[in-house]
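Only heavy atoms go into these numbers, but all of them, side chains included; no hydrogens, no water, no symmetry mates. Read the numbers this way: they start at 1 and go in the same order the structure lists the ligands and their atoms. For clarity, every value in this text was computed on a predicted model and none was experimentally measured.
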Amino acid sequence: MNRSLREAADEVERRIAYACARSGRRREEVNVIAVTKYVSLERTIEAIEAGYPNVGENRWQDAKEKWEALQGRPDVVWHFIGHLQTNKVKDVLGRFSTVHSLDRWSLAEELQKKAKRLGIVVPCFVQLNVSGEQTKYGLAPGELRSFLSKLTACDAIDVVGLMTMAPHEEDPERTRPVFKALRELRDEANAKGSYGKPIEHLSMGMSNDFEIAVEEGATWIRLGSTLVGK
Ligand SMILES: *Cc1c(COP(=O)(O)O)cnc(C)c1O
């Protein structure tokens, strides 16, 4: 059973506020993506109306109906958060504002080529596999610097942040090292000037572990089940 979205949002907001307070951060530094991949168009609209115009989807096929139905709503901002196959780039560009899952050079090449053709620049997060789990997508941390350096040549890609997914843990506290590592990777890349400009954002934290991610510096958290339901 889904709780009312308002109720879920109130609780999420309370928990974000406490996590911000514990870590000396301001609520405005933390952006929430309502991950709607599990839910209907109606529920997606409820989330938007509740104050979450940033919507996240994993697959174009699943997002299509909602995306098309919401074209009359210019306030809605679509984030592509799932693994992006090279042959799906054409579906995503121009529809999603930001790609959170740039995880390999072949994808960068395709994004660059297709974005260039459309005359747009696509904001991207570079996805890292910090935990090293076999099942997770993302660059190994050691590959980041050279990847960023290569990306400076892609003028249709704008790297705005780093993204990671932590392993699912019964005790979310155990995810802390993963989030801390992503923050340190960003800070180190910036200190060394690995990319042409400072990288600002950290997309990290999901329903199970977002408070830890906020404490460790997340600027975008991606909330599905705990906010919009499943
Ligand atoms: C599904 C998904 C989420 C949201 O998951 P919840 O645990 O339901 O909050 C966040 N990020 C990515 C990349 C996802 O695929």
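- For atom 12 (C) of ligand 1, the closest heavy atom belonging to the protein is I81 CD1, 3.6 Å.
- One option in G56, S207, S101, G229 has a heavy atom closer to atom 9 (O) of ligand 1 than any other, and that option is S207.
- Among all protein heavy atoms, the one lying closest to atom 1 (C) of ligand 1 is K37 NZ, 1.3 Å.
- The atoms of ligand 1 that sit less than 4.0 Å from any heavy atom of R222 are 4 (C), 9 (O), 10 (C), 11 (N), 12 (C), 13 (C).
- For the pair G224 and ligand 1, the shortest N or O to N or O distance falls below 3.5 Å.
- When each atom of ligand 1 is checked for a heavy atom of L223 under 4.0 Å away, the hits are 9 (O).
- Between the side chains of T36 and E57, at least one donor N or O sits under 3.5 Å from an acceptor N or O.
- Here's the thing with S225: one of its N/O atoms is less than 3.5 angstrom from an N/O atom of ligand 1.
- With hydrogens and angles left out, the side-chain atoms of T86 and S106 include no donor and acceptor closer than 3.5 Å.
- The CZ atom of R104 sits 10.0 Å away from the CD atom of Q127 when rounded to the nearest 0.5 Å.
- Only the side chain of N58 comes within 4.0 Å of ligand 1, judged by heavy-atom distances.
- Contacts between H100 and ligand 1, counted as non-hydrogen atom pairs separated by less than 4.0 Å, are absent for every part of the residue.
- Under the 30°/60° scheme for interplanar angles, the aromatic rings of H79 and W220 are found to be tilted.
- Exactly one of R176, K180, R22 qualifies for a salt bridge (Lys or Arg N to Asp or Glu O under 4.0 Å) with E216. That residue is R176.
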